[in-house]
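Accompanying notes for the structure given below.
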2 protein chains.
Amino acid sequence: MELIINTTDSVPVFSQLIDQIKNAVTNGDLSPGDALPSVRQLANDLNLNHNTVAKAYKHLIRDSVIQAKGYRGTFIHIDAKLNCNFDLNTVVTFKLSETIQILRQTGATDSEIRIAFGNIMKIQQNSGE
Amino acid sequence: MELIINTTDSVPVFSQLIDQIKNAVTNGDLSPGDALPSVRQLANDLNLNHNTVAKAYKHLIRDSVIQAKGYRGTFIHIDAKLNCNFDLNTVVTFKLSETIQILRQTGATDSEIRIAFGNIMKIQQNSGE
DNA sequence: CTGCATGTACTAATAGTACAAGTACAATAT
DNA sequence: ATATTGTACTTGTACTATTAGTACATGCAG
């Protein structure tokens, strides 16, 4: 498995990790049960902070793409391929694009949309993260 | 026309101006052709910076609610009432809330939603702003 | 028990962004 | 000339997200 990280990209590093690991799973480069490098190992290999890797892992765990087994390490989830199938990121982008386009057509300015979005995300916060 | 600005509110001042001017148009307090105070005049009356007022005017011009006639001043647009759907803000908030709720239900984290939103707004930018 | 590796939680530094303010400018009427 | 219109450019501040540094709980190996 080859991970390529571009720290100058506007896409956050932890997101790049998520995307590439998901890709590796769908491509078959990573199979259920396979062990992943530890957060520190991978961080060391890629010259990143281990918390950045941990953040990516955390998200993948939430999506049931990988599974943390405490001191034993982290492994590809049994249903990884299934849970990777629909790329959440793509869905989110698509759905949001759709809505934003409609809002613009009704005459809303970007500023208005941004403000409304910010308020919504601030007021009704999701637990966890 | 009575404008009330609350600088401690989380809603930006220029947005409050936009909302209230649109409100005045839909209520009939301001009619097409009516002259608006100059950016400096209004800023002085409300103890604001003239650029803050200018920003609000800029948005309203973009929405064809008002019309800048250069040195002659700024006036209510002929189709102001039509272009000034006061419910716009409510619609925007409602539509966005709806979409965000769906995305959360599919398992997307706030972080993912924020990133996707930011990218969309950055990439497919509206003119002006 | 000691030492080491695992994931995780908490805090600090940095970068990016939005709002607002200060200044300066082009255009035009008086 | 002077004043007034809207506008452009730059700066300071506050807020947020990302990333990094440190410390901790758990459990294996010797």
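Note that the structure is predicted; figures quoted are calculated from it, not measured. Chain naming here is simple, since letters A, B, ... match the order of the sequence lines and numbering starts at 1 in each. All values below were derived from every heavy atom in this structure, side-chain atoms included, with hydrogens, water molecules and symmetry-related copies excluded.
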Tell me the interatomic distance from [X], atom [atom1], to [N], atom [atom2], rounded to whole angstroms.
X	N	atom1	atom2	answer
I18(A)	dT18(D)	CD1	C1'	13 Å
K58(B)	dC9(D)	NZ	C1'	12 Å
Q41(A)	dG7(C)	CD	C1'	14 Å
N44(B)	dG6(D)	CG	C1'	17 Å
Q67(B)	dG6(D)	CD	P	13 Å
I61(A)	dA9(C)	CD1	P	10 Å
L42(B)	dT4(D)	CG	P	16 Å
I113(B)	dA17(D)	CD1	P	12 Å

Notebook entry, point to check: Within the pair S111(B) and dT18(D), is there a side-chain N or O less than 4.0 Å away from OP1 or OP2?
Noted result: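 Checking dT18(D) against S111(B), a side-chain N or O does come within under 4.0 Å of OP1 or OP2.
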Notebook entry, point to check: Taking OP1 and OP2 of dC19(C), is either one under 4.0 Å from a side-chain nitrogen or oxygen of K55(B)?
Noted result: yes
Notebook entry, point to check: Once the angle between the rings of F14(B) and H59(B) is folded into 0 to 90°, is it parallel (under 30°), tilted (30 to 60°) or perpendicular (over 60°)?
Noted result: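 F14(B) and H59(B): tilted rings.
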Checklist line | Candidate nucleotides dA17(D), dG6(D), dA20(C), ranked by approach to the side chain of R114(B) - the nearest | finding: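 Closest nucleotide among those given: dA17(D).
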Next item on the list: Could you please name the option among dA9(C), dA20(C), dG6(D) that lies closest to any side-chain atom of T74(B)?
Entry: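 That would be dG6(D).
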Item checked: Atom CD1 of I102(B): over 12 foreign heavy atoms under 6.0 Å ->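 Above 12, so yes.
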Check: Is the number of heavy atoms from other residues, nucleotides or ligands under 6.0 Å of I61(A) CD1 greater than 12?
Finding: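 Yes - once you tally the heavy atoms of other residues, nucleotides and ligands closer than 6.0 Å, there are more than 12.
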Item checked: Nucleotide-resolved protein contact map, nucleotides 24-30 of chain D, B/S/- at heavy-atom distance under 4.0 Å -> ---SS--
Next item on the list: Begin from the C-alpha positions of I18(B) and E112(A) and carry the test side-chain contact (heavy atoms from CB on, under 4.5 Å) through to its verdict.
Entry: CA-CA 10 Å; I18(B) 292 171; E112(A) 285 166 335; 4.3 Å; yes
So [Y] and [X], do their side chains get closer than 4.5 Å, heavy atoms only?
X	Y	answer
V39(A)	Y57(A)	yes
L46(B)	L17(B)	yes
K69(B)	T74(B)	no
N44(A)	H50(A)	no

Item checked: All side-chain hydrogen bond (donor to acceptor under 3.5 Å, both in side chains) counterparts of N83(B), not counting sequence neighbours -> none
Next item on the list: Using the test side-chain hydrogen bond (donor to acceptor under 3.5 Å, both in side chains), find all partners of S38(B) that sit at least two apart in sequence or belong to another chain.
Entry: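 For S38(B), no residue satisfies side-chain hydrogen bond (donor to acceptor under 3.5 Å, both in side chains) once neighbours in sequence are set aside.
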If we ignore hydrogens and angles and just use 3.5 Å, is the side chain of [X] paired with the main-chain N or O of [Y] as donor and acceptor?
X	Y	value
N6(B)	T8(B)	yes
S97(A)	T93(A)	yes
D63(B)	V65(B)	no

Check: Quick one, which residues of residues 45-54 of chain A touch DNA chain C with a heavy atom under 4.0 Å?
Finding: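 H50(A), N51(A) - these, ordered by number, are the residues of the stretch whose heavy atoms sit under 4.0 Å from the strand.
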Next item on the list: Name every residue in residues 29-39 of chain A that has at least one heavy atom under 4.0 Å from any atom of DNA chain C, in order of residue number, or write none if there are no such residues.
Entry: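 Correct list: S38(A), V39(A).
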Name the pairs: protein N/O against N/O of nucleotides 12-15 of chain C, kept only if under 3.5 Å.
none

Note to self: Grouping I, L, V, M, F, W and Y whenever their side-chain heavy atoms are under 4.5 Å apart, do L36(B) and I5(B) come out in a common cluster?
What the structure shows: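 Yes.
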